[in-house]
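Dropping the structure in here first, questions after.
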Amino acid sequence: MVDTISHDVLIIGSGLAGLRAAISAAATDRNISIAVISKVQVMRSHSVSAEGGTAAVLYEEEGDNQESHIYDTIKGSDFLADQDVAERLVKSMPYEIYQLDHWGMPWSRRKDGRIAQRKFGGYSFPRATFAQDKVGFYEMQTLYDTCLKYDNIHFYNEWFCTSILRDSSFQGVTAIEIKSGDFMAFKAPAGIICTGGAGRIYSFSTYAFSSTPDGLDMAFRAGLAMKDMEFVQFHPTGIMPSGILITEGARGEGGYLINNKGERFMQKYAPGKMELAPRDVVSRSMIKEINEGRGFKHETGFDCLKLDLTHLGAERIKEVLAGIREIGIKFSGIDIIDEPIEVRPVCHYMMGGIHTNVDGATELPGLWAAGEAACNSTHGANRLGANSTSECIVWGRITGELAAKHAASHKSRAVSLPEQQIAEEEKRIYDGIFRGAGDVNPYEIRKAMTDTMDERAYVFRNEENLAAALKKVRELKGTMWKHVEDKAKEYNTNFINVMEIDSMLRTAEVVLVGALNRRESRGAHARTDYPVRDDVNFLRHTLAYHTPDGPKLAWHPVTFTRYAPVERKY
Ligand SMILES: Cc1cc2nc3c(=O)[nH]c(=O)nc-3n(C[C@H](O)[C@H](O)[C@H](O)COP(=O)(O)OP(=O)(O)OC[C@H]3O[C@@H](n4cnc5c(N)ncnc54)[C@H](O)[C@@H]3O)c2cc1C
């Protein structure tokens with residue numbers, strides 16, 4: 001029997017969603033104990049790298065209004081967002097911005113001393129609330145500081161969760177303490193999955209290396225649906241050659257995109273919004289420019305375009321874009337004050353995730369999901385920039401409160417852990433992976449998979465490429481690769497990586513099956529063989545369920561409360 005740690009609420013993940021959920025749960029009920037379990041140290045969660053802003057309507061007296069934020073979000077989503085969810089996001093956000101302010105968030109200020117907001121793509125008003133170009137770092141620090149004020153929040157840093165324990169409701173998780181290598185079970189009547197996005201299934205990616213889909217895969221293997229996984233966001237400005245992000249705030253501050261003729265080519269594609277059209281529109285325009293020969297050659301072999309910020313002037317750049325200036329100098333050898341920087345669309349966000357309802361509840365009673373790991377359908381087929389940190393904060397708060405209440409009312413539920421499941425999980429990871437029989441290098445498998453995703457499931461997709469990618473990923477999955485070279489018990493990152501790769505392959509398969517099945521172009525999913533949006537057949541969410549033979553798909557309706565779909569023009 002493995003050792004067991006008991007709490008009332010388990011929060012898996014310590015990014016923005018996890019920390020906001022922890023504060024909310026702790027504040028809802030001081031008498032429950034909350035565990036925040038994270039495979040990395042708190043301040044290494046990917047949320048720390050959010051750069052540009054957090055969306056909210058703050059200045060109605062200056063002309064902004066919530067209805068417009070709701071509409072921009074729905075239009076940005078190509079009408080696949082659930083409209084009640086978009087409404088909840090928008091209505092909840094102003095409070096959260098001021099709440100963060102009261103907890104010590106150093107928001108950038110306007111000259112009149114009020115909180116500053118900048119323009120972001122797809123919005124009708126400047127709504128991206130920022131702290132220089134390091135918004136995630138400051139938000140994380142503010143939330144972490146606030147967590148430390150509650151003695152009922154317990155952090156388990158560098159613990160790797162491997163599976164969900166369940167009967168007809170949530171019972172807990174299994175996890176490995178990375179430092180000691182001990183395998184244990186956590187037990188609680190309530191849980192929240194906040195394990196972030198899965199963008200490392202691509203090679204050219206803005207994500208931290210830890211952004212692998214192990215949390216999604218845990219839910220998938222536990223019988224829960226993944227929703228809308230085919231919608232992957234490609235951000236227009238990943239720098240060459242690394243893919244590190246240049247925030248959309250750079251264009252929000254007035255930056256231009258130029259082709260090799262020196263033209264601001266967005267004039268052709270989105271004359272109304274230019275460089276501040278939504279990301280899917282800008283990324284497609286960039287790839288068209290490149291495909292038609294108007295890109296810049298780059299030594300990597302990938303053509304690119306340039307982002308010109310030189311006209312903003314050194315003073316403004318140093319004041320509000322200092323972080324990306326440093327990134328440009330260190331990783332591209334270019335000072336954005338003096339010259340345009342080379343960029344190309346890069347994997348940046350997963351609109352899909354664990355299927356939840358408007359409250360963040362999953363299909364399993366007692367289990368919620370929040371943040372990028374969840375798909376409550378705020379963003380539909382394409383997220384607007386700055387709406388993700390907002391989503392993390394809003395559904396962190398909502399799910400934290402609901403999980404705390406659920407835990408308090410189910411405290412007496414004798415959660416006796418399912419020994420059989422724990423034993424099977426131990427067998428899966430120790431016999432199947434740690435002492436696995438593979439001889440192919442797992443890191444080669446990962447590279448082959450992420451390169452395949454880059455090549456064949458990028459900004460533009462078609463049947464031939466997607467089918468070839470699926471074949472390749474299935475071949476890789478079927479190869480004898482699952483083994484761990486390093487046999488150490490303590491701090492075995494090789495073992496952790498191999499478990500991550502295992503989940504990456506299953507998730508890539510879900511993305512590809514969903515993309516093949518969606519024979520239309522909507523938001524970030526652009527099919528050259530089905531270039532038109534097809535509301536008759538595809539105005540619905542994709543659900544994918546795990547089976548031993550691969551994902552099984554189903555459909556789920558979109559919630560309409562306010563706006564009928566119209567053609568999207570910018
Ligand atoms: C470079 C970059 C810049 C961005 N800029 C912005 C921006 O300006 N505005 C905006 O709105 N959005 C932005 N985004 C998107 C946004 O930052 C993310 O969607 C959001 O921060 C995700 O937060 P999260 O809490 O869901 O998860 P994350 O912050 O990704 O954290 C995931 C957590 O889960 C834990 N975890 C994962 N797997 C396991 C496991 N198996 N066991 C235990 N723990 C696990 C990790 O340790 C981590 O703590 C940006 C994203 C990137 C990559």
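Note that the structure is predicted; figures quoted are calculated from it, not measured. One-based numbering, in listed order, for ligands and for the atoms of each. In this chain, residues are counted from 1 in sequence order.
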*Backbone or side chain, does any N or O of L245 fall under 3.5 Å from an N or O of ligand 1?*
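Such a contact does not occur with ligand 1.
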
*Ligand-side contact atoms (ligand 1) for residue partner W159, heavy atom cut-off under 4.0 Å*: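 Selected atoms, number and element: 42 (N), 43 (C).
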
*Pick, from S47, S45, G396, the option with the minimum heavy-atom distance to atom 23 (O) of ligand 1.*
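Shortest heavy-atom distance from atom 23 (O) of ligand 1: S47.
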
*asked:* Could you check whether any side-chain heavy atom of L321 comes within less than 4.5 Å of a side-chain heavy atom of L312, counting everything from C-beta outward?
replied: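 Side-chain contact under 4.5 Å: yes.
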
*How far is atom 27 (O) of ligand 1 from its nearest protein heavy atom, and which residue and atom name does that atom have?*
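Looking at atom 27 (O) of ligand 1, the protein heavy atom closest to it is G196 CA, 3.2 Å.
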
*asked:* Which option wins on minimum heavy-atom distance to atom 12 (N) of ligand 1: R383, M499, E51, H46?
replied: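 Considering heavy atoms of R383, M499, E51, H46, the nearest to atom 12 (N) of ligand 1 sits in R383.
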
*Out of A17, A21, S388, indicate the one that has the non-hydrogen atom closest to atom 25 (O) of ligand 1.*
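Considering heavy atoms of A17, A21, S388, the nearest to atom 25 (O) of ligand 1 sits in A17.
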
*Which ligand 1 atoms, with their elements, are less than 4.0 angstrom from a heavy-atom of G13?*
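Contacts of ligand 1 toward G13, numbered from 1: 33 (C), 34 (O), 35 (C), 49 (O).
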
*If you count the atoms of ligand 1 from 1 in the order shown, which ones are under 4.0 Å from a heavy atom of T389?*
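By the 4.0 Å cutoff, the relevant atoms are 9 (N), 10 (C), 11 (O), 12 (N).
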
*asked:* Which residue is it: E253, E319, E51? I am looking for the one with a salt bridge (charged side-chain N to carboxylate O under 4.0 Å, His left out) to R118.
replied: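 Going through the options one by one, the only one that passes is E253.
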
*Which atom names give the shortest non-hydrogen contact between Q117 and A56, and what distance separates them?*
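Taking every non-hydrogen atom into account, NE2-O, 2.9 Å.
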
*Does D82 reach the side chain of N376, with side-chain heavy atoms less than 4.5 Å apart?*
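The answer is no, as the side chains (C-beta and beyond) never meet within the 4.5 Å cut-off.
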
*Looking at ligand 1, does G136 have a heavy atom less than 4.0 Å from it?*
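Under 4.0 Å: no for G136.
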
*May I ask you to identify the nearest protein heavy atom to atom 42 (N) of ligand 1, giving residue, atom name and distance to one decimal place in Å?*
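In this structure, atom 42 (N) of ligand 1 has C161 N, 2.9 Å as its nearest protein heavy atom.
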
*List the closest protein heavy-atom neighbour of atom 50 (C) of ligand 1: residue, atom name, distance to the nearest 0.1 Å.*
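Residue, atom and distance for the closest contact: H348 CE1, 3.6 Å.
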
*At a 4.0 Å threshold, what atoms of ligand 1 neighbour a non-hydrogen atom of T206?*
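Contacts of ligand 1 toward T206, numbered from 1: 1 (C), 53 (C).
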
_Full working for side-chain hydrogen bond (donor to acceptor under 3.5 Å, both in side chains) between R127 and S68_ = CA-CA 11 Å; R127 285 188 192 119; S68 159; 2.7 Å; yes

*So between S503, G52, A369, whose heavy atom ends up nearest atom 8 (O) of ligand 1?*
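Minimum heavy-atom distance to atom 8 (O) of ligand 1 goes to G52.
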
*Scan side-chain atoms only and decide if E139 and T389 contain a donor-acceptor pair under the 3.5 Å cut-off.*
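E139 vs T389: no donor-acceptor pair found between side chains.
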
*asked:* What verdict does the side-chain hydrogen bond (donor to acceptor under 3.5 Å, both in side chains) test give for T378 and N387, after you've listed the backbone C-alpha separation in whole Å, the side-chain angles of each residue and the deciding distance to 0.1 Å?
replied: CA-CA 9 Å; T378 316; N387 256 353; over 6 Å; no

*asked:* Just so I know, are the side chains of R506 and R221 near enough to count as touching, which here means a heavy-atom distance under 4.5 Å?
replied: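 Sidechains of R221 and R506: in contact.
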
*Among all protein heavy atoms, pick out the one at the shortest distance from atom 46 (C) of ligand 1; state its residue, atom name and that distance to 0.1 Å.*
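Here the closest protein heavy atom is S38 OG, 3.8 Å.
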
_Could you identify the single nearest non-hydrogen protein atom to atom 44 (N) of ligand 1 and state the distance to 0.1 Å?_
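Of the protein heavy atoms, K39 N, 3.0 Å lies nearest.
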
*Between H7 and Y156, how do the two ring planes meet: parallel, tilted or perpendicular, split at 30° and 60°?*
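Ring orientation of H7 relative to Y156: perpendicular.
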
*With a 4.0 Å heavy-atom cut-off (strictly under), which part of S210 contacts ligand 1: side chain, backbone, both or neither?*
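It is neither; nothing of S210 touches ligand 1.
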
*Have D486 and Y491 got a donor and an acceptor in their side chains that come within less than 3.5 Å?*
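No - no donor-acceptor pair under 3.5 Å links their side chains.
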
*Atoms in ligand 1 with a heavy atom of S14 nearer than 4.0 Å*: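 Taking each heavy atom of S14 in turn, ligand 1 has 33 (C), 48 (C), 49 (O) under 4.0 Å.
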
*asked:* For Y202, run the ring pair (Phe, Tyr, Trp, His ring centres under 6.0 Å) check against Y349, F234, Y207 and tell me which one passes.
replied: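 Considering Y349, F234, Y207, a ring pair (Phe, Tyr, Trp, His ring centres under 6.0 Å) with Y202 is found only for F234.
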
*Return yes or no for this condition: an N or O of F160 is under 3.5 Å from an N or O of ligand 1.*
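No, there is no polar N/O contact under 3.5 Å.
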
*Would you call E248-R251 a salt bridge at under 4.0 Å N-O?*
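Yes.
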
_atom 4 (C) of ligand 1: the protein heavy-atom neighbour that sits closest, reported with distance to 0.1 Å_ =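 The closest one turns out to be A50 CA, 3.4 Å.
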
*asked:* Looking at E500 and K39, is any side-chain nitrogen of the basic one under 4.0 Å from a carboxylate oxygen of the acidic one?
replied: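 So K39 pairs with E500 through a salt bridge.
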
*What atoms of ligand 1 come closer than 4.0 angstrom to any heavy atom of A386?*
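Per the distance check, 9 (N), 10 (C), 11 (O).
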
*asked:* Salt bridge or not between R383 and E391? Use side-chain N to carboxylate O under 4.0 Å.
replied: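 Salt bridge flag = no for E391 with R383.
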
*Distance to 0.1 Å, residue and atom name: give those for the protein heavy atom nearest to atom 38 (N) of ligand 1.*
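For atom 38 (N) of ligand 1, the nearest protein heavy atom is D214 OD2, 3.0 Å.
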
*Could an N or O of ligand 1 be found under 3.5 Å from any N or O of S211, whether backbone or side chain?*
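S211 vs ligand 1: no N/O contact under 3.5 Å.
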
*May I ask you to list the atoms of ligand 1 that are less than 4.0 angstrom from any heavy atom of S49?*
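Here the atoms of ligand 1 in question are 1 (C), 2 (C), 3 (C).
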
*Check the pair E426 / Y430 against side-chain hydrogen bond (donor to acceptor under 3.5 Å, both in side chains), numbers first and verdict last.*
CA-CA 6 Å; E426 210 173 352; Y430 288 98; over 6 Å; no

*asked:* Determine whether D64 and H69 satisfy the following criterion, side-chain hydrogen bond (donor to acceptor under 3.5 Å, both in side chains), listing intermediate values before the conclusion.
replied: CA-CA 8 Å; D64 199 3; H69 188 183; over 6 Å; no

_Taking a cutoff of less than 4.0 Å between a non-hydrogen atom of the residue and any ligand atom, is L16 in contact with ligand 1?_
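Yes.
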
*Tell me which protein heavy atom sits closest to atom 7 (C) of ligand 1, plus the residue, atom name and distance to 0.1 Å.*
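Of every protein heavy atom, G53 O, 3.6 Å lies nearest to atom 7 (C) of ligand 1.
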
_I need the contact type for N387 against ligand 1. Using non-hydrogen atoms and a strict under-4.0 Å cut-off, is it side chain, backbone, both or neither?_
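The answer is the backbone.
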
*Could you list which atoms of ligand 1 come closer than 4.0 Å to a heavy atom of Y349?*
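Close to Y349: 19 (O).
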
*asked:* Taking distance alone, with N or O pairs closer than 3.5 Å, would you say E372 contacts ligand 1?
replied: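 For ligand 1, there is an N or O atom that lies under 3.5 Å from one belonging to E372.
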
